[in-house]
Structures are given as structure tokens and as C-alpha cells.
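These notes concern the structure reproduced below.
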Amino acid sequence: MSSVVVAPAAASKSAVTAVTATTTGIVLLGTGVVGGALLKLLNTPAAASIRLVGAANSRRQHTNSASLASRTLREQLNNDGDIRNDAALLAALDASGVSHKVIVDATANTVLASRHAEWLARGYHVVTANKALAGGDLSGWRALQAATAQGARYGDSATVGAGLPVLSTLRRLRQCGDSLLTLEGVFSGSLSWLFNQYDGNQPFSTLLLEARRLGYTEPDPRSDLSGDDVARKLLIIARNAGFALGVDEVQVESLVPEPLRAITAEQFLARLTELDEPLAARHVEAKSRGNVLRFLARLNQRGKARVGIAEVPVTHPAARLYGTDNQFALTTTRYNTQPLVIQGPGAGPEVTAQALLGDVLALS
């Protein structure tokens with residue numbers, strides 16, 4: 001029987017070569033709820049091919065391997081670490097020797113989103129849950145398309161439906177020559193829950209406080225009630241379908257009365273009951289016609305887009321949702337008798353983080 005002995009130096013070189021060839025390196029920007037959930041997933045076998053090269057919150061960062069390997073990394077960043085410096089993070093990514101360099105933006109920061117196109121143009125892949133660029137000004141969307149045309153890839157599954165296969169399905173349909181005709185659905189997990197629960201027996205403000213307690217809304221619920229987040233998701237889908245819509249072309253109905261829009265979050269929470277009477281009146285009107293209220297996003301063939309409250313019959317698909325479910329009904333040239341419906345949980349850090357991980361893994 002013969003055996004082969006590999007010299008340590010050769011083995012080390014081979015190991016380095018294997019890592020360089022197979023490992024995807026990421027820098028994680030944002031270690032909040034979603035970023036924290038992603039850090040947990042990076043410690044699972046599914047992420048074995050991914051190397052965390054750097055991680056940062058809004059103030060501090062770590063790039064040393066010992067800290068990055070710690071299961072308490074998120075907590076460490078709250079107390080210590082280097083001062084946040086994006087140039088240093090990218091330098092660490094460049095020096096890592098990985099074959100796929102990825103920036104993961106798990107924030108909702110508009111300034112960070114504005115840099116996505118720049119990073120892509122520099123050759124970094126970007127994976128994000130941040131909707132501010134793709135769902136913002138049309139000029140930003142066009143810059144994003146120009147940057148991805150140079151070869152770097154943009155993972156945006158987490159921007160719509162918390163990772164439900166909406167954008168991937170739409171792109172596959174377009175690749176096969178299909179075209180989106182109309183779109184309708186419930187794109188907000190928090191607003192889905194609120195209107196699924198709202199039957200007139202409890203004031204809307206009571207339900208809103210419960211949704212906030214359960215973590216379904218942002219700490220300032222106006223972020224959800226304004227409809228702006230839903231509008232951004234509608235823009236992302238519409239633009240991926242070929243509609244060159246600008247922000248001002250989406251009609252958005254806010255649930256926040258004008259007098260409550262410019263006050264502090266604390267003042268708003270103290271005046272929540274001012275939401276109740278207008279919504280109760282609309283509920284009574286809808287019920288008298290056998291309908292229910294839902295917060296819908298709609299896009300028609302002419303590119304007319306609207307986000308806001310709509311009355312729908314109890315037989316309508318949106319009237320039969322559960323919990324925080326999102327629903328996307330796509331009518332296309334081939335799915336024209338019955339829409340193609342994509343439905344499932346549209347909120348939650350775990351499913352959103354899973355979407356981020358899936359996009360990173362798809363790069364290798």
C-alpha cells in the first residue's frame with residue numbers, strides 16, 4: 001500500500017487557493033434587526049462558503065477575524081470597535097483575496113443607498129434590503145441599471161415582499177417574452193395585519209398600538225401609515241417590468257392626517273385616536289355595501305399607479321389574507337384569464353435575512 005505525504009507548505013498553498021477560488025467575502029452594513037438575523041444565518045452550514053470580512057453599524061465597525069467570528073458581534077458593535085469608515089471596510093474586502101466581493105446593505109439609509117451604483121461600477125456586487133435607490137428617483141434607478149450593465153450584480157430580492165419570489169418571477173417571465181399588464185396587491189406586512197384585524201369592533205388606534213407592540217410597525221408608525229414604503233415597492237416592481245415611472249407618478253394616500261405629519265413621534269403617539277373617526281366612517285360605508293377595506297397598491301396597463309385604501313368585496317383575494325401576509329397579483333399577456341398570485345409572509349427579519357443570504361449565495 002502506498003501513501004502520499006503533502007508537505008505543510010504545499011498544503012497551506014492549496015488551502016489558500018481553494019479559499020480564493022470558492023469563498024465569497026461580504027461586508028455587512030447594518031446590524032439592526034435584519035442585519036442581526038443575517039449574522040445568525042452566517043453561522044449556519046448554509047453559509048459555509050461565505051466569509052464575513054467586515055461588519056458595521058451606524059457608528060462602529062469590526063474587520064478583525066476574532067471579533068467577526070464571535071456570536072456576540074452585534075452586541076460588541078454596540079459597545080466597542082473602530083470608528084465607522086466605509087473606505088476601511090472596502091479595503092479589507094479588497095485585501096481578503098476572495099473571488100466574489102459583496103457589500104450587503106441591511107439598512108434603510110438613503111445616503112448608503114445612493115452609493116450602490118458607485119459600488120457596482122467599481123466592481124463590487126451589492127445585495128440589499130434597502131429600497132431607497134431602486135424605489136427612489138428615476139435618475140437613481142437609471143444609474144443603477146447603467147452600473148449593473150458593467151457586470152457587477154445587484155441582489156434585491158429582499159426589497160419587495162421580504163424575499164417572496166416576486167422580482168425573480170417577473171424577470172423570468174420577461175426573459176420568456178411575457179409582459180406585465182396590471183399589478184395589484186397588499187405590499188405591507190404591517191398594513192396587511194392592521195386591515196385584516198380591523199372590523200369596527202376596536203378603534204384603529206388600539207390595533208395600531210398592538211401592531212407596534214408586536215414589532216409589525218416601525219417605532220414611529222407613520223413610516224408604515226404614510227404609504228411611502230408601499231409606493232417604493234410598487235416602483236421597484238413596475239420598473240423591473242419596464243415601466244419608467246417617477247416617484248411623482250404614483251398617487252399615494254397617507255393614513256396620517258395632515259396635522260399629525262410634522263409633529264414628533266411622541267406627540268403623534270399621544271394623538272393616535274385622531275385616526276379613528278375617519279377610518280370608522282369609511283369602514284361603515286364599505287360594510288353597508290358588503291365590502292371590506294384593504295390598503296392596496298395598483299398599477300394598470302397605462303402606467304397609472306396608486307397606493308391607498310380601497311374597498312374590495314369579501315370574495316376578493318386581498319380580503320382573505322392572514323396575519324402579515326403580502327399578496328402580489330400579476331396579470332400578464334400569458335396570465336391574463338387568471339392572475340399569477342404570489343402570497344406569503346411579507347414581514348419579519350428572518351425571512352428578509354434569508355432573502356439576503358440567498359442573493360449572496362447566488363453570486364457564487
Are Arg60 and Glu75 close enough, and set up right, to give a salt bridge (Lys or Arg N to Asp or Glu O under 4.0 Å), and what steps lead you there? CA-CA 11 Å; Arg60 297 186 177 93; Glu75 291 72 23; over 6 Å; no

Apply side-chain contact (heavy atoms from CB on, under 4.5 Å) to residues Leu208 and Leu272 and explain how you reach the verdict. CA-CA 9 Å; Leu208 182 58; Leu272 276 186; 3.6 Å; yes

Test side-chain contact (heavy atoms from CB on, under 4.5 Å) on Leu191 and Leu255 and set out the steps. CA-CA 10 Å; Leu191 292 173; Leu255 299 183; 4.1 Å; yes

Report the C-alpha distance between Leu363 and Val102 in whole Å, list the side-chain angles of each, state the deciding distance to 0.1 Å, and finish with yes or no for side-chain contact (heavy atoms from CB on, under 4.5 Å). CA-CA 9 Å; Leu363 295 170; Val102 188; 3.4 Å; yes

Glu253 vs Arg306, salt bridge (Lys or Arg N to Asp or Glu O under 4.0 Å): CA-CA, chis, key distance, verdict: CA-CA 8 Å; Glu253 177 188 7; Arg306 182 185 183 277; 3.0 Å; yes

side-chain contact (heavy atoms from CB on, under 4.5 Å), that's the test. Do Leu321 and Gln343 meet it? Break it down for me. CA-CA 9 Å; Leu321 293 178; Gln343 179 176 321; 3.4 Å; yes

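Residues Leu77 and Leu52 share a hydrophobic cluster, clusters being chains of Ile/Leu/Val/Met/Phe/Trp/Tyr side chains in contact below 4.5 Å. Under the 4.5 Å side-chain contact rule for hydrophobic residues, Val126 and Leu167 do not share a cluster. Hydrophobic clustering places Leu164 together with Phe295 (ILVMFWY residues linked when any side-chain heavy atoms are closer than 4.5 Å, directly or through intermediates). If you chain together hydrophobic residues whose side chains sit under 4.5 Å apart, Leu279 and Leu269 fall into the same group. Under the 4.5 Å side-chain heavy-atom criterion for grouping Ile, Leu, Val, Met, Phe, Trp and Tyr, Trp141 is connected to Leu112 within one hydrophobic cluster.
Residues passing the salt bridge (Lys or Arg N to Asp or Glu O under 4.0 Å) test with Arg122, sequence neighbours excluded: Glu118. Take Asp156 and apply the salt bridge (Lys or Arg N to Asp or Glu O under 4.0 Å) test, not counting sequence neighbours, and it matches Arg171. The side-chain hydrogen bond (donor to acceptor under 3.5 Å, both in side chains) check on Glu258 picks up Arg261, with sequence neighbours excluded. In this structure Asp86 satisfies the salt bridge (Lys or Arg N to Asp or Glu O under 4.0 Å) test together with Arg84, Arg115, sequence neighbours excluded. Residues passing the side-chain hydrogen bond (donor to acceptor under 3.5 Å, both in side chains) test with Thr332 are Asp178, sequence neighbours excluded. Remark: Arg271 pairs with Glu274 by the side-chain hydrogen bond (donor to acceptor under 3.5 Å, both in side chains) rule, at least two apart or across chains.
Among Val252, Leu183, Val160, the one residue that satisfies the side-chain contact (heavy atoms from CB on, under 4.5 Å) test with Leu234 is Leu183.
Screening residues 347-362 for side chain to side chain donor-acceptor pair (under 3.5 Å) gives Ser157-Asp359 as the qualifying pairs, with residues at least two apart or on separate chains. Each salt bridge (charged side-chain N to carboxylate O under 4.0 Å, His left out) pair with one or both residues in residues 309-338, not counting sequence neighbours, appears once here: Arg289-Glu311. For residues 329-364, no pair satisfies ring-ring contact (aromatic ring centres under 6.0 Å, His included), with sequence neighbours left out. Residue pairs meeting the ring-ring contact (aromatic ring centres under 6.0 Å, His included) criterion with at least one member in residues 170-197, sequence neighbours excluded: Phe187-Phe328, Trp193-Tyr216, Phe195-Phe204. Listed by first then second residue, pairs satisfying ring-ring contact (aromatic ring centres under 6.0 Å, His included) with a partner in residues 344-364 number zero, not counting sequence neighbours. Within the structure, side chain to side chain donor-acceptor pair (under 3.5 Å) contacts touching residues 26-43 (residues at least two apart or in different chains) do not occur.
Residues Ile26 and Leu93 come closest through the heavy atom pair N-CD1, 4.1 Å. Heavy atoms only, all atoms of each residue included: Ala108 and Asn130 are closest at C-ND2, 3.7 Å. The two atoms that bring Val256 and Ser226 nearest to each other are CG2-N, 4.3 Å, heavy atoms only. Here the shortest heavy-atom pairing between Leu235 and Gly136 reads CD1-O, 4.4 Å. Contact detail for Ala362 and Arg153: the closest heavy-atom pair is O-NH2, 3.1 Å. Residues His62 and Gly81 approach most closely at CE1-CA, 3.6 Å, considering heavy atoms.
Side chain to side chain, Gln267 and Thr264 meet the donor-acceptor criterion of an N or O pair below 3.5 Å. For the residue pair Asp105 / Thr107, a side-chain donor-acceptor distance below 3.5 Å is found, with atom types taken as modelled. A donor-acceptor contact closer than 3.5 angstrom links the side chains of His116 and Tyr154. A side-chain N or O of Asn64 and one of Ser67 form a donor-acceptor pair less than 3.5 Å apart. Counting only N and O atoms by type, the side chains of Ser70 and Gln76 include a donor and acceptor under 3.5 Å apart.
A donor-acceptor distance shorter than 3.5 angstrom exists from the side chain of Arg174 to the backbone of Asn240, with no hydrogens or angles considered. Judged by distance alone, with hydrogens and angles left aside, the side-chain atoms of Gln197 form no donor-acceptor pair with the main-chain N or O of Leu194 at under 3.5 Å. Looking at Gln61, its side chain never comes within 3.5 Å of a backbone N or O of Gly54 through a donor-acceptor pair. A donor-acceptor pair under 3.5 Å is formed between the side chain of Arg239 and the backbone N or O of Leu245.
Between Ser49 and Leu361 the shortest side-chain heavy-atom distance falls below 4.5 Å. Contact check for Phe268 versus Leu225: side-chain heavy atoms found under the 4.5 Å cut-off. In this structure, the side chains of Pro345 and Asn326 stay at 4.5 Å or more apart for every pair of heavy atoms. For the pair Val53 and Thr63, the minimum side-chain heavy-atom distance is 4.5 Å or more. Residues Leu356 and Val360 are not in side-chain contact: their nearest non-hydrogen atoms beyond the backbone lie 4.5 Å or more apart.
With rounding to the nearest 0.5 angstrom, the OG1 atom of Thr44 is 6.5 Å from the CG atom of Leu357. Going from atom CG of Leu260 over to atom CG of Leu275 covers 6.5 Å, rounded to the nearest 0.5 Å. Atoms OG and CG, on Ser188 and Asp228 in that order, are 11.5 Å from each other to the nearest 0.5 Å. Rounded to the nearest 0.5 Å, atoms CG (Leu330) and OG (Ser179) are 12.0 Å apart. Of the inter-residue distances, the one linking Asn291 atom CG with His316 atom NE2 reads 10.0 Å to the nearest 0.5 angstrom. Summarising the geometry, atom CG belonging to Leu293 is positioned 11.5 Å from atom CG belonging to Asp199; distances are rounded to the nearest 0.5 Å.
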